[in-house]
Number of protein chains: 2
Amino acid sequence: MTLQSVADEVGVSRMTVSNAFSRPDQLSKELRERILATAETLGYSGPDPAARALARGRTGAVGLLLNGPLSEAFEDDVSAEFVAAVADELTRRGLALTVLTPPQGDRFLPARDVAVDGALVYTCDPTSAGVAWLSRRKLPVVAVDQDLGREVTTIGVDDLSGARAGARHLLELGHRRIGVLALTEQFAHDPPNRDRLLGWRRALGEHGLEPVVARTTLLPRSAAFAAATDLLESSDVTAVLCFDDVFARAVIAAATALGRSVPGDLSVVGYDDSRAATVGVPALTTVRQDVTAKGHLAAGAIADLLDGRAARSHVLPTELVVRDSTGPVPAP
Amino acid sequence: MTLQSVADEVGVSRMTVSNAFSRPDQLSKELRERILATAETLGYSGPDPAARALARGRTGAVGLLLNGPLSEAFEDDVSAEFVAAVADELTRRGLALTVLTPPQGDRFLPARDVAVDGALVYTCDPTSAGVAWLSRRKLPVVAVDQDLGREVTTIGVDDLSGARAGARHLLELGHRRIGVLALTEQFAHDPPNRDRLLGWRRALGEHGLEPVVARTTLLPRSAAFAAATDLLESSDVTAVLCFDDVFARAVIAAATALGRSVPGDLSVVGYDDSRAATVGVPALTTVRQDVTAKGHLAAGAIADLLDGRAARSHVLPTELVVRDSTGPVPAP
DNA sequence: CTGAAAGCGCTAACAG
DNA sequence: CTGTTAGCGCTTTCAG
């Protein structure tokens with residue numbers, strides 16, 4: 001079943017059938033309906049997407065390049081919300097989302113071998129093979145929470161200000177011995193981790209203070225609990241600033257296990273204002289970012305690029321949300 | 001930059017260059033390396049995936065057809081874990097995952113217009129347009145937690161037994177007035193919802209009992225809390241069987257808000273053994289299913305189908321996990 | 001509004 | 001091991 005079979009049946013040229021499907025305004029309504037009806041009868045389900053992709057030079061799919069185990073990307077509320085927002089917005093613009101997983105061998109490298117018109121780079125080591133392949137293919141790319149150079153359209157978040165706001169909030173409450181729970185050194189150059197750490201450091205620095213830094217990983221989830229326990233046992237911090245809300249929950253759990261109450265004995269600040277911030281008790285003081293907006297902007301940017309329009313970089317604002325996990329510094 | 005340019009430069013035929021990239025065993029190691037080196041120099045990044053897809057008749061991408069807002073699919077732990085497992089296993093098999101979102105208009109229907117070799121159908125209304133388009137395109141399909149007919153390879157879960165085990169557990173604890181919190185009528189034919197409900201009903205039926213049925217939706221999350229509150233206020237159930245762990249948490253939250261303790265005053269059984277089961281207090285008694293295995297099996301099945309191998313249907317087992325949210329029926 | 005010509009870039013099959 | 005032949009199914013451009 002091809003365009004040609006339908007054309008033969010109707011008695012028009014293949015091109016007219018193509019137009020019936022792809023450019024409705026190029027032929028009479030009447031003829032178009034006759035063609036569509038015949039196609040239906042013949043069981044022709046429309047132009048073959050692969051052939052169309054080759055002829056048009058566009059596949060209609062946008063890649064989402066992710067590094068590390070996918071479980072990290074999909075099992076984290078924040079990433080999942082981002083992916084959902086991206087997929088929704090891409091669909092609205094007539095594009096599909098293809099997941100470009102990290103390669104698991106040598107034969108098949110998604111970033112090299114999968115047909116996409118462009119890609120979103122998210123949660124990636126900028127030096128990864130995937131990023132390199134995308135640029136070798138000269139595909140349009142939009143970086144999200146990532147530094148790929150000034151020429152690359154980038155959608156980011158003002159984590160520097162967000163982190164600073166969180167730290168200042170603690171300082172205003174009188175805290176002076178403050179811990180932070182960040183990602184491991186492996187993420188030293190990951191913008192969110194880097195900027196949050198920097199924002200905390202700067203705010204504390206304004207008071208001549210230095211944070212007690214603890215580091216951990218997103219997975220396994222138990223790692224954060226262990227790191228938090230260690231931080232609380234090995235130092236006398238009265239407050240902890242966390243890389244994200246999940247870490248904040250881990251700190252609260254660790255504090256509780258050590259018999260310390262939050263916010264009575266310890267103040268905890270999360271980040272993201274994800275589901276974890278409001279689902280548990282106490283509700284978290286956290287720094288809100290609009291992940292859905294980030295996804296929409298990223299999808300819009302890559303779509304613009306594909307349409308030959310310029311795409312602007314954006315830095316999304318953050319906002320401190322004060323809830324119940326922070327309070328005045330405890331009396332000595 | 002095409003195969004031809006590289007061929008011209010090296011002075012061999014285009015086919016030999018193609019072989020250098022795609023069938024390394026078809027030419028001498030020496031020649032191959034010379035070709036690859038030249039390609040590298042010329043900035044040729046390998047065969048164009050779109051052209052290759054047309055010529056080979058295979059795109060190397062598998063669709064994942066989802067219905068309803070993507071937020072439901074991605075922001076639910078269980079679905080997210082499933083998607084991650086699918087993507088991982090597909091990558092291992094040299095395939096990519098393309099998300100086939102529900103159509104948001106008329107011009108662009110992912111299930112009709114996106115190039116994929118086959119698709120996984122998950123969380124879909126079987127009568128949806130998406131499913132219809134896939135079958136019109138005659139694409140190989142694997143159904144997950146879905147009834148698409150006996151000819152369609154299906155990966156499912158033994159929810160009937162799982163639900164029964166949960167209900168029997170409550171019966172053994174002495175409960176007789178039992179509520180259930182299921183999905184709305186809209187999901188009457190959704191296999192997980194249908195089978196869990198059926199399993200609960202049958203187990204209770206063996207004791208001549210009928211459950212008090214409450215129904216709600218996955219989103220917004222507040223809906224479950226409201227439904228649970230209503231159930232607890234309008235009936236005198238001593239235990240509630242829930243469609244999933246998130247609902248179980250909502251029931252516990254509602255009970256707590258009404259001044260009832262779990263499991264002292266009320267027993268609650270979840271489903272899935274997802275993160276929600278163990279993250280909060282009390283840890284949930286729940287019915288475990290292996291979502292990652294489900295994802296791996298589904299990906300393996302569609303990959304087999306694409307390779308022309310037969311793919312078997314599977315029904316994964318479930319297992320009751322007793323934790324702290326269930327206890328003996330309270331004294332009257 | 002319709003059709004003819006000319007590929008898009010690659011690969012299967014087979015011959016040498 | 002290497003090259004030739006013959007498309008894959010569609011769209012772009014441009015003339016009628």
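In the text below, chain A, chain B and the rest are named by the order of the sequence lines, each starting its count at 1. Predicted model, so just to flag it, every value in this text is computed and none were measured.
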- Of the candidates D/dT11, C/dC10, D/dT13, the side chain of A/Ala55 sits closest to D/dT11

- Task: Check the distance between D/dC10's C1' and A/Phe21's CZ and give it to me in whole angstrom.
- Result: 13 Å

- Message: For a quick test of reading the model: is some side-chain N or O of A/Ser13 closer than 4.0 Å to OP1 or OP2 of C/dG3?
- Response: yes

- Note on the structure: In whole angstroms, the gap separating P of D/dG7 from CE of B/Met15 amounts to 16 Å

- Message: Reading DNA chain D from 5' onward, which residue's closest nucleotide shows up sooner: B/Arg56 or B/Ser28?
- Response: B/Ser28

- Can you check the B/Asp48 CG to D/dC10 P distance for me, whole Å? 18 Å

- Message: What is the distance, to the nearest angstrom, from the CD atom on B/Gln26 to the P atom on C/dT11?
- Response: 13 Å

- Query: From C/dG9, D/dC10, D/dT2, pick the nucleotide closest to the side chain of A/Leu54?
  - Reply: C/dG9

- Item | Spacing of B/Asp113 atom CG relative to D/dG9 atom P, expressed in whole Å | 18 Å

- Query: For D/dC8, does either OP1 or OP2 sit under 4.0 Å from a side-chain N or O belonging to A/Thr2?
  - Reply: no

- Item | Close side-chain approach of B/Leu120 and B/Val142, heavy atoms under 4.5 Å | yes

- Task: Side chain of A/Ala51 only, please: which of D/dG3, C/dG3, D/dG9 is the nearest?
- Result: D/dG9

- Check: B/Thr154 and B/Ser313 side chains under 4.5 Å, non-hydrogen atoms: yes

- For A/Leu27, report the nucleic acid contact type (base, sugar-phosphate, nothing); a contact means any heavy atom under 4.0 Å. sugar-phosphate

- Scan A/Tyr44 against the nucleic acid and name what it touches under 4.0 Å (heavy atoms): base, sugar-phosphate only, or nothing. sugar-phosphate

- Message: Could you tell me how far apart A/Arg52 (CZ) and C/dG9 (C1') are, to the nearest whole angstrom?
- Response: 19 Å

- To the nearest Å, how far apart are A/Met1 CE and D/dC8 P? 14 Å

- Query: Contact class for B/Arg58 (heavy atom, under 4.0 Å): base, sugar-phosphate, or nothing?
  - Reply: nothing

- Ignoring backbone atoms, establish whether A/Arg14 has a side-chain N or O less than 4.0 Å from OP1 or OP2 of C/dT2. no

- Side chains of A/Thr123 and A/Asn67: is there a donor and an acceptor less than 3.5 Å apart? no

- Message: Could you check whether atom CZ of B/Arg309 has more than 12 heavy atoms from other residues, nucleotides or ligands sitting under 6.0 Å from it?
- Response: yes

- Query: Any sub-3.5 Å donor-acceptor pair from A/Arg92's side-chain atoms to A/Ala87's backbone N or O?
  - Reply: no

